[in-house]
Every structure is written in C-alpha cells, then in structure tokens.
Amino acid sequence: MEASHVEAGILELDFSMGEVPEIFQNGLQGIFPVGLDSESRGYQTVTILGEKIFVIGGSDEGSNLSIGIRIFDKSTRKWDVPTVLGTKPTPSKGHSAVILNKERILIIKRDSSPDDCVWFIEVDTPFVREQKKILKTEVVAWSKGVKGEGPKPIVISGPSGVGKGTLISKLMKEFPSTFGFSVSHTTRAPREKEEDGVHYHFTERSMMETAIREGKFLEFASVHGNLYGTSIEAVEVVTEAGKRCILDIDVQGARLVRASSLEAIFIFICPPSFEELEKRLRARGTETEEQVQKRLRNAKAEIEQGKSSDLFDHILINDDLEACYEKLKKLLGLDGFMEVTYPSSPKTMELLPIDHLVSEMDQKVLIQCGIPELGKTSKSLFILDASAIKGGAPGRTRGLNMYAIDPFADGLNGLKQLQNPVY
Ligand SMILES: Nc1nc2c(ncn2[C@@H]2O[C@H](COP(=O)(O)OP(=O)(O)O)[C@@H](O)[C@H]2O)c(=O)[nH]1
Ligand SMILES: Nc1ncnc2c1ncn2[C@@H]1O[C@H](COP(=O)(O)OP(=O)(O)O)[C@@H](O)[C@H]1O
C-alpha cells in the first residue's frame, strides 16, 4: 500500500502479541472507525505505511509511563515491539495519528497543552535507518514538535587548552536560563575540581562501549587516548529544560554531529599562536607532562582541520579573553546583554487539543477542536502546518506553525487565516 493511501483511525484492539486481529488478515481496506471517547482507556490508533501497521497507544510495557508502540508486518504476518528512542511523551487520554510522509507519523495528544500536544514518531528518517543498522532491530524514535525555528544547539571545538571551557562557563554564568551544557561521557579520570554528572559523566570504558552499541550516543570519538561521547539523553535533558544546548566536542565529534539530524551552529576556537596554547595548557596544571605532549601533538592536526575544512560556521581566535567572549556573544545574537528567554504558548490556548479530529493535506493538517467553554457543539478549525519541519530525533522537530482558520470565508480551498499563528 502506498503512503498516499494511508488510513489512520482509532480502534480498540486486543493486544495479545501472538494473535493477528482478524481485521488485519483481510488486507485492511477502508478506513477504520474514528471514535474518540475521552473516557475510554487503552485505546489505540492504527496507522498503515506500506507493509507495516503501527499500533500506537495503550501503555508501554504495562508501565503506563508512556505511549506504547507495536508494529505488525503484513509480509511476515508477525508482530514486533520496536526499540523506542528519543524522549517519550507522557500518556494522554487519547491521540490522533496521521502519516505526514513516509518518514514520520504525526501524533496529536488530546487534553494536552499546546506545548505538549504535537509529537512525531519517526519510522524511516535517516536517524532511524542508521539506528536500525546499529541495533539490528525495528526502531522508531519520538521527537517533540515545537513551533517556529527554535534555538539551534551550539557546537564548540578547539584544541586542548585554547579556552573552550572558559568561554562556555562565562556564557552559562551570564545567561543561565538560556543555555544548558551537554554533559558528555568520558573514560578519562576526573580532574581535581571536576564533578561527575556536571563536567562529565565519568564512565568505565566497557560500560560506554555497551551504551554505544545500544545506539545511545549521538556521536563519540577517541581523543587523546580516551573515549568521549555525547549521549542522546545529554542533549535531550537540556532541550527538555527549554534551554539551548552547548556541546564542547572535538573536531571528529563535530563532523559526526554535522552529519546527524541535530542542526547546530559550529564554532571553532583557535589559539593566537602555538606557543600561547602551550603556555595555557601548562599553566592550567591539570595534565602530566606526557599528557601535555600528547595534547600538543594532537592540537596541530586539530587546528589544521578546524581552519581548513568547511565544517565550522565561525572561527574565533581566543587572544584576549574578553574580546573573544564579546565576539562569541555577538555571533550568537546576545550582544544586548539581556537574558534571552523562549516563552511558552499563551495559557488561553490550553484547551486546544480537546476532541480533535485530524486529516492531512500536503503536510498541512486540518484539526477540528472542541472548545469547551464555548459549549459542546462549538468547533474551531486549525491548520497545523508541518511543511517546513526541520531537525527531529534525537531532539525536537522544529518549524511547526499553527493557525486558526475560518472555513466559511473562501471555501475550503481558500482557507483564510483568521488570526496570528497561535501555536
Ligand atoms: N567527540 C567528542 N569529543 C568530546 C566530548 N566531550 C569532550 N570532548 C573533547 O575531548 C577533548 C578533551 O577534553 P578534555 O579531556 O576535557 O580536555 P580539554 O580539552 O583540555 O579541556 C576536547 O577536545 C573536548 O572538546 C564528546 O562528547 N565527544
Ligand atoms: N584568552 C585567554 N588568555 C589567557 N588565558 C586563557 C584564555 N582563555 C582561557 N585561558 C586559560 O587557559 C587555560 C585553558 O583554558 P580552558 O578553558 O580549560 O581550555 P579548554 O577547555 O579549551 O581545554 C585555563 O587556565 C584558562 O584560564
């Protein structure tokens, strides 16, 4: 079945894994009954994509902590419980599911605030395909939908001792509600003033290697003889806190992030001279002579790669610290010295996703909502425009737009925008 013939609906299902519901055996023609009963518990949506039938809903592994996902493969006639990556949404009293393209299913949660009602299940994005190869299982990934562009994560790279940590600390101190640090995992030993879980997650190599095999890392690299890596969770913790993520990673890691779905700004910090770099590294006094020598040897190649490749969007020379910090703030649009906040949606829209029906037209989803305070029969129409979405798992799906429309203004073909975007 082609994606364009996809039907989605709500169906009460017996979830016993061995049994193939009779309705599936008949080839699933026609649309499933859509019945949204807000009081019903454990209902599921059924979404068909090619040979696969995604049954979404109920609780996850009986824990009731997140929305469960099961896949029925029509060709093998087998059920599969996929590996579920990404931050999962909390369960709601119900949801709608719509396939936007062959890559992802849009989930609209009922009874949820506008900040929490739009989610995506990625079923065939590059990230999911990559993870399927690593894990050799069926994989899906959750990603929360957010309005507008959203702040891009910032990747900072540069040789050891150039001042990355110093610059990042200054930024986090001046803008504590704006930025959050992605706490990497490393197999190197902690320095005297370093705290586990704050500067790094200090980890045993074997544990880190297992987690890498399990697909838990966005990127990892061997640097100065130790393993360093950014877990998917490290980035998601910051994003969930509503902050802009800063990653302090080496050039190899930056290259891997560039190739991932995490759209970031890449900044390379350069020393004014090699001699000055050596001076700073020795003055810091955190490494043995042998380690200093190794870091200096690696610095040569890192500086060459950082300067010559087109990997980095910006190169900053950290000569005078204050001058470099001002340049960093300027390129991040922070030179007004004001803490930048990303406000959540207005409270008045809290009841938006109640009793919604959803249909899809060219990546624009028409949602009919009941607005309770206006009475049970009162309905409003909204367009959720997902035609310009970006990013996705691991992390958020940005670029959503949602606005109210008046269906009677110009007919359904000329849906008129009634008000400014509300989502
Ligand atoms: N690829 C990758 N590199 C990392 C990560 N965390 C830290 N690094 C890099 O590893 C290198 C060594 O870091 P560290 O031992 O803290 O020493 P420092 O650079 O002298 O502060 C630096 O280039 C960091 O940017 C990570 O998660 N992934
Ligand atoms: N612009 C600068 N001028 C002089 N010293 C600096 C400057 N930037 C950082 N430092 C010092 O250099 C040392 C290395 O800085 P650090 O932030 O630890 O580097 P990195 O995180 O890149 O390894 C620290 O002792 C720091 O105080």
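Remember, it's 1-based here, ligands and their atoms both numbered in the order they're listed. The basis for the numbers below is simple: all heavy atoms, side chains too, and nothing from hydrogens, waters or symmetry mates.
- Each of the atoms 14 (P), 15 (O), 16 (O) of ligand 1 lies under 4.0 Å from some heavy atom of R188.
- With ligand atoms numbered from 1 in the order given, ligand 1 contributes 10 (O), 11 (C) to contacts under 4.0 Å with heavy atoms of V223.
- Using a non-hydrogen distance threshold of 4.0 Å, E287 does not register as a contact of ligand 1.
- When only non-hydrogen protein atoms are considered, atom 19 (O) of ligand 2 lies nearest to G163 N, 3.0 Å.
- With F220 as the partner, the side chain to side chain contact (heavy atoms under 4.5 Å, CB included) test is satisfied by one option alone out of I212, L256, I249, T230: I212.
- Remark: distances from the non-hydrogen atoms of Q252 to ligand 1 are all 4.0 Å or more.
- Within ligand 1, counting atoms from 1 as listed, the ones closer than 4.0 Å to a heavy atom of G253 are 1 (N).
- With sequence neighbours excluded, the residues forming a salt bridge (charged side-chain N to carboxylate O under 4.0 Å, His left out) with E278 are R282, listed by chain and number.
- Ligand 1 has a nitrogen or oxygen under 3.5 angstrom from a nitrogen or oxygen of Y200.
- Here the protein heavy atom with the shortest distance to atom 9 (C) of ligand 1 is D250 N, 3.7 Å.
- If you check the side chains of T286 and K193, you find no donor sitting under 3.5 Å from an acceptor.
- Polar contact with ligand 1: present for E219 (N/O pair, distance under 3.5 Å).
- Of the protein's non-hydrogen atoms, the one nearest atom 8 (N) of ligand 2 is N318 ND2, 3.1 Å.
- With hydrogens left out, the protein atom closest to atom 10 (N) of ligand 2 is R280 CD, 3.9 Å, a heavy atom.
- Of all atoms in ligand 1, numbered sequentially from 1 with element shown, those under 4.0 Å from a heavy atom of G229 are 26 (C), 27 (O), 28 (N).
- Between I269 and the options I168, I315, V162, a side chain to side chain contact (heavy atoms under 4.5 Å, CB included) holds for only V162.
- Residue contacts with ligand 2 include P159, since one of its heavy atoms falls under 4.0 Å from the ligand.
- At least one heavy atom of G161 sits closer than 4.0 Å to an atom of ligand 2.
- Counting heavy atoms closer than 4.0 Å to ligand 2, residue D319 contributes backbone atoms (N, CA, C, O) but none from C-beta onward.
- When only non-hydrogen protein atoms are considered, atom 27 (O) of ligand 2 lies nearest to T166 OG1, 4.0 Å.
- Scanning the protein heavy atoms around atom 21 (O) of ligand 1, the nearest turns out to be R284 NH1, 3.4 Å.
- Results of the ring-ring contact (aromatic ring centres under 6.0 Å, His included) test with H185 over F217, F202, Y200, Y228 single out F217 as the only residue that passes.
- Put simply, the side chain of N298 does not reach to within 4.5 Å of the side chain of S160, judged on heavy atoms.
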